Asker: 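After the structure tokens below, expect a handful of questions from me.
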Amino acid sequence: MSSIKIAKAKRLRSTPYTSRIEKQGVTSYTTYNHMLLPAGFEDSLEESYYHLKEHVQIWDVAAERQVEISGEDATELVQLMTCRDLSKSKDGRCYYCPIIDDQGGLINDPVVLRLNQNKWWLSIADSDLILFAKGLAIGKNYNVKIIEPNVDIMAVQGPKSFPLMEKVFGKSITDLKFFGFDYFYFKGSKHLIARSGWSKQGGYEIYVENTQSGLELYDYLFEIGKEFNVKPGCPHLIERIESALLSYGNDFDNSDNPLECGFDKYVNLDNEVNFLGKEKLKEIKLRGISKKLMGIKIDHSEINVSKAIEIRINSQRIGELRSGVYSPTFKQVIGIVMIDKPHFEIDTKVEITLNNEIKTGVLCNIPFV
Ligand code: THG
């Protein structure tokens, strides 16, 4: 593969951690919310995969930007944008929420944090949710304030994140439940920390507001993390596909609805909660979906996906592959595919052309087992 430099600019924002990860050997970036998101370090993809599954990594995920919605109509606006019922939500909890438009098309899939009744953070995937929120607020004449606050997330991921974080913040941090958050002190500065992160290896996300203290904490985690074999890392292609953590813009986008993407458990159509696209989703549910996001396993040892790749049966297109990687665990290529009706049945045999050769794949459910 050729390696081409990325041209930095103000528009392509750096993070407070950028200078540190560049000293630590970052080798590639992607962009996310108009910001740099590290995509690899000096270790190979497989080395970092095993490291993440056994030890602990610190990730610069500041590109997961916050959309802060506050004011007396904040809750109504947040609920208007998501098909997940937030009526029983609680302060100090995170909620994974599909954000949809009036047609039921997905706009984003943030982790939503309820700071309090009148203040929410939407920790967004890669689309300009803030513009959608502002447009709705203007149209609805809501009394809300919508900003992107200075919050730069640092994730601590991997099984040894638990002893590492306990060493820094004390025993109480291990009481945090999955998708709960609370405030913890580091050398006198308060930090919001959630038990969450874009891996299934366990860990935390530190929502750094006090940059100075956050950078000290970053350095400290590496200093005292030596005994846990801490390394810098980033969201991991193999791990996230195996774990079926979906990526907006890759696996789904505005042309897909939450029922097609398997987000059924975050779709509440049976009560009085008011959100955009609700009637549309009811219609779709009644009629049945016309395509479905699934997994695929392909007998092959490598793949590089930079655009959708056609999936066929007897040379007829029946869908497309949207993400894929060689999995050292399954010892084959695994991928995320969108498959048209009526072909979205598990164990269906399909064809895909990789490196000019026709390969055989089998459809399966996600997460992969
Ligand atoms: N953390 C934070 N912000 C984020 C992400 C994150 N913003 C962008 C992106 N990631 C949003 N996408 C996801 C996708 C999946 C999950 C979180 C964010 C996730 N899902 C769990 C699962 O699938 O098992 C749990 C969901 C649930 O049931 O509540 O964690 O990673 N801050």
Side-chain angles (χ1 to χ4, degrees), residues 15 30-35 37-39 52 57-68 81-86 88-90 92-100 106-115 120-130 148-149 151-158 161 176-182 191-209 214 233-237 239-253 256 258 261-268 293 295 322-323 336 365-369:
T15 88
T30 185
T31 74
Y32 200 83
N33 289 318
H34 318 283
M35 202 170 214
L37 175 63
L52 172 61
Q57 298 183 352
I58 312 292
W59 297 358
D60 169 2
V61 283
E64 293 168 356
R65 303 310 292 169
Q66 306 310 300
V67 174
E68 176 179 305
M81 294 191 291
T82 181
C83 51
R84 181 163 184 179
D85 177 4
L86 292 172
K88 295 191 180 69
S89 59
K90 295 190 182 73
R93 293 287 312 165
C94 303
Y95 300 90
Y96 181 49
C97 293
I99 303 291
I100 58 171
L106 281 149
I107 297 264
N108 204 295
D109 66 327
V111 175
V112 172
L113 289 78
R114 193 171 115 164
L115 302 173
W120 300 75
W121 279 352
L122 279 59
S123 185
I124 62 172
D126 189 23
S127 76
D128 293 316
L129 182 60
I130 194 167
E148 186 189 294
V151 174
D152 297 289
I153 301 181
M154 162 186 5
V156 184
Q157 298 287 297
S161 60
L176 265 188
K177 299 227 160 49
F178 184 64
F179 266 44
F181 70 83
D182 208 338
H191 293 279
L192 188 162
I193 302 181
R195 175 92 186 274
S196 57
W198 214 55
S199 88
K200 286 277 181 195
Q201 306 311 313
Y204 299 89
E205 292 182 300
I206 308 166
Y207 288 70
V208 172
E209 293 179 87
C234 51
H236 198 282
L237 186 63
E239 198 280 338
R240 80 97 181 157
I241 292 181
E242 284 182 354
S243 302
L245 291 166
L246 301 181
S247 168
Y248 186 81
N250 288 322
D251 306 322
F252 64 101
D253 62 24
D256 308 307
C261 298
F263 290 145
D264 303 58
K265 67 174 167 172
Y266 314 115
V267 179
N268 298 107
L293 210 58
R322 295 178 169 183
S323 294
I336 310 281
N365 289 324
I366 42 176
F368 296 87
V369 280

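Because only heavy atoms are used, hydrogens play no part in the values below, and waters and symmetry mates are left out as well, while side chains stay in. Note that this is a predicted model, so its numbers are computed, not measured. Note that ligands are numbered from 1 as they come in the structure, with each ligand's atoms numbered from 1 the same way.
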Asker: Between Asp152 (side chain) and Met154 (backbone), is there a donor-acceptor pair under 3.5 Å?
Answerer: no
Asker: Distance alone, cut at 3.5 Å: any donor-acceptor contact between the side chains of Asn250 and Ser323?
Answerer: no
Asker: Please enumerate all residues that pass side-chain hydrogen bond (donor to acceptor under 3.5 Å, both in side chains) together with Ser243, with sequence neighbours excluded.
Answerer: Glu239
Asker: Name the residues with a heavy atom less than 4.0 Å from ligand 1?
Answerer: Tyr32, Glu64, Tyr96, Asp109, Val111, Ser123, Ile124, Ala125, Ile153, Phe178, Phe179, Gly197, Trp198, Lys200, Glu205, Tyr207, Leu245, Tyr266
Asker: Apply side-chain hydrogen bond (donor to acceptor under 3.5 Å, both in side chains) to Ser127 and list each qualifying residue two or more places apart in sequence or on a separate chain.
Answerer: Asn108
Asker: Among all residues two or more places apart in sequence or in another chain, which pass the side chain to side chain contact (heavy atoms under 4.5 Å, CB included) test with Asn365?
Answerer: Ile346
Asker: Would you sort out whether Leu293 and Asp256 count as a side chain to side chain contact (heavy atoms under 4.5 Å, CB included), showing the intermediate values?
Answerer: CA-CA 9 Å; Leu293 210 58; Asp256 308 307; over 6 Å; no
